[in-house]
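Counting starts at 1 for both ligands and their atoms, following the listed order.
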Amino acid sequence: MAIQKKHGKGRLDKWYKLAKEKGYRARAAFKLIQLNKKYGFLEKSKVLLDLCAAPGSWCQVAAEAMPVNSIIIGVDLSPIKPIPKVITFQSDITTEKCRATIRGHLKTWKADTVLHDGAPNVGTAWVQDSFNQAELTLQAMRLACDFLIEGGTFVTKVFRSKDYNSLLWVFNQLFTKVEATKPPSSRNVSAEIFVVCRGYKAPKKLDPRFLDPKSVFAELADAAPNNEAKVYNPEIKKRKRGGYEEGDWTQFKELPASEFINTTDPIAILGQYNKLSFEQDKNGDVALAALDKLPETTDEIRVCCNDLKVLGRKEFKMLLRWRLRVREIFGFPSKKTAAKAAAAAEEEVAEAEPMDEELRIQEELQAIKDRENTKKKRERRKANEQKQKEIVRMQLNMTAPMDIGMEEAGPLGEGAMFSLKTVDQTDSLKRIAKGKMALLKEDEAKRDRDSGLGTSPESDDDSDEEEDRLERELDAMYEQYNSRKGERDSKYRAKRARAEHEDGEWQGLSADEQQDDDSEVLEEDSDEEEDEDDEDDEAAKKPLIHDLDNVPAGADGLSKRATRFFSQDIFKDVAGLISDDEGDEEEAEEQRAATEDAADIVELDAEDSDDGIPSLQEQKAMIKKMKQKQQKGGEEDGAKDFQVVKDTTKEDSDSESDWEEEDKRKNQKKPGELDIDIITAEAMTLAHELATGQKTKYDLMDDGFNKHALKDRDGLPEWFIEDESKHDKPQRPITKAAAQAIKEKTRALNARPIKKVREAKARKKFKAAQRLEKLKKKADILAADEGMTEKEKADSISKMKAKASKAAPRKPMRVVVARGVNRGVSGRPKGVKGRYKMVDARMRKEMRALKRIASKKKR
Ligand SMILES: C[S@@+](CC[C@H](N)C(=O)[O-])C[C@H]1O[C@@H](n2cnc3c(N)ncnc32)[C@H](O)[C@@H]1O
């Protein structure tokens, strides 16, 4: 039976064909080629371990790319056909036997790179089917940890699943750089993604939990429910995709209201339960009965307690306030009473053991100082809160900056709320990005919650303060929610940053922004932090914020912005722009002269913006200068090498190239006008978007960075390049109007006669001119003839004119029937001169019949 080829998912795609053509055993080879192109780990490796290597295309690629005499070991459940320069064996990578075999092959060597492209369910040992991909990856990493050299690279395939983040977290603990990427040859429909982990930390002792699937994958699944969010932000309801919580199969949860009063964690109750009930049997809980009778337990409170799940922020606050009041009535320890008790105890101690006079004064002073400090702190906090509120009001155009004294310090001034002072070092920023801040905040929040809502004796003291705090937290959470919502959209974020940038006020990323950007990187343990490598230390010393204003102007007189722009690599070879320090003196002198002229123009508006890109005027000025210089240079060079001669061919063809002349005249640009012709609908759409301000130059720059930007086509076959060229560009939008405009333009172009017709017309014109010339000469001779009367002369001239203007009669078309010797003849049939038309007998008959019918109808 013929082997049936798989066509699902477009299995036989271009990568498949290319793999066949290049002799790779699987299309997967290109994934490794592309990963290596990006990260370049193969060329640097001398020892490589390929886990799950069958059929062996990765080994083939490794053998090609790694230095000669490298050691390559491939292992798989399935057998691997021998590959030159590669050691292969059949084994299960999750077994001890496999580890021992690898050790036997490697001896004392360590691997520079470990590859893993394993996928369960595809091997021959179906016992392994239950093993899921994430666990297999963890097993592969276990082997990597055993055999990798310090600083080594581990490349693994991972599937985007719920375990993905857990795996990334583990990778981050063990490697200094972890990046996830999807090479172009990986099918878009596949959930696979490749993680390249570089810089193996090679810890002396590895916590076994890192490699234990149970602890790695369980950790995140059992995250504590965020009751605070439920209570403080009840409007945002998250669906629980996992269904019921483990071991808790009841949907509706009820609790006696007295428990809510007693509890030390009211937030948890409000977040978890559906109802706080006042109902009970006779002789039930006395506290609940008393609570039921209290005047504070109003009808409103009862209604709220009846269904906690429908409550909003306001109602939750009301319940919390009610709890505090009831606790006071019931005589629960509060902040005030606890403070009093503490003071009394202190006094008692003081009485019992009278202090030395000096010590006492000192302590008193200290106490006064402490009191003052706390008072100041409170005031500062209040002022800050006030300021924040004012800022929000200002953003809503409700107040002016002077109302809150912002005109002096500015929003980033000293002591300002959004000052970047705290994150001006890369390490601080990294810490924040890695989630330290989040942990800290969470801890603080937890502490606040514990102390603020009843756990500590202080908490119940001052209900006003409590309310204030609640209010603040609720406001802050709402603010956070709003800003997160906006910032989740990267486009919005980029736009906002750009807007700030353009205003010249943007001074880096805020901690929050950075945190959001790196949200995929999980928090690190503080112990691990100490393990940060030298590279990080070095980076930490580098300041994060550079003062762009203090960058000195270029020595060549260009503005800072222009200097930075023209110092890019692409301008390296352009003479006359930026002189090379090491270049020869004369050349530098010449170039300086040219750039100085350009700088005069460029300097005008370059000063006030610092985005590193010259404005359009600057660029135009530079281009103009460059052109002038090139022209000048060209003329000079030309004068040296060539002799300028008159173009005689031009004269001859003058009459024939009238069309071209006309075209040129039409297309001639005014001085300073750019030579741009919009010929595609995409370009037209883009031009329109630019003109109407829907797109900016920054958007264009952003668009330039896409997955097609850095494609290399060296060594690829023609058919592949041809196929690629159809799809390897970003799909730009086209508007209906732009497409229509281009259609019109093409139609107008098509309406113009083609070159041959133009030439024929020109020839005709030329001949007519010749005839006219002849006629003129004859007319002159006639006019000079003295034997003719004036009338005779006039008649002869008009006859000559009529004759000249009369077109030569067209020779009739000859119809040649494709029969006999003429059957199947291509080109002119033998013995036929002049215009002809080949017809077959049937066609001639049909044409005659048609004529007959037409003439009959006329009659
Ligand atoms: C996608 S293929 C690898 C392709 C390979 N990278 C190449 O370039 O040819 C996945 C391989 O993982 C192997 N595999 C799955 N579970 C394994 C295990 N527990 N031990 C060893 N190999 C395993 C399968 O046998 C299969 O050959």
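Within the 4.0 Å heavy-atom criterion, neither part of Leu32 lies near ligand 1. The part of Ala53 lying near ligand 1 is the backbone, judged by heavy-atom distances below 4.0 Å.
The contact set between ligand 1 and Gly118, taken as ligand atoms under 4.0 Å from a residue heavy atom, comprises 12 (O). Each of the atoms 9 (O) of ligand 1 lies under 4.0 Å from some heavy atom of Pro55. Numbered from 1 in the order shown, with element, the atoms of ligand 1 that lie under 4.0 Å from a heavy atom of Asp92 read 18 (C), 19 (N), 20 (N).
With no hydrogens or angles considered, a side-chain donor-acceptor pair links Glu64 and Tyr24 at under 3.5 Å. Between Ser91 and Lys97, the side chains place no donor N or O within less than 3.5 Å of an acceptor N or O (distance only, hydrogens not considered). Of the N and O atoms on the side chains of Gln173 and Asp207, not one donor lies less than 3.5 Å from an acceptor on the other residue.
Contact annotation: Cys98 has no heavy atom less than 4.0 Å from any atom of ligand 1.
A distance below 6.0 Å separates the ring centres of Phe210 and Trp169.
An N or O contact shorter than 3.5 Å is missing between Val75 and ligand 1 by distance. Ligand 1 has an N or O atom lying under 3.5 Å from an N or O atom of Trp58, backbone or side chain.
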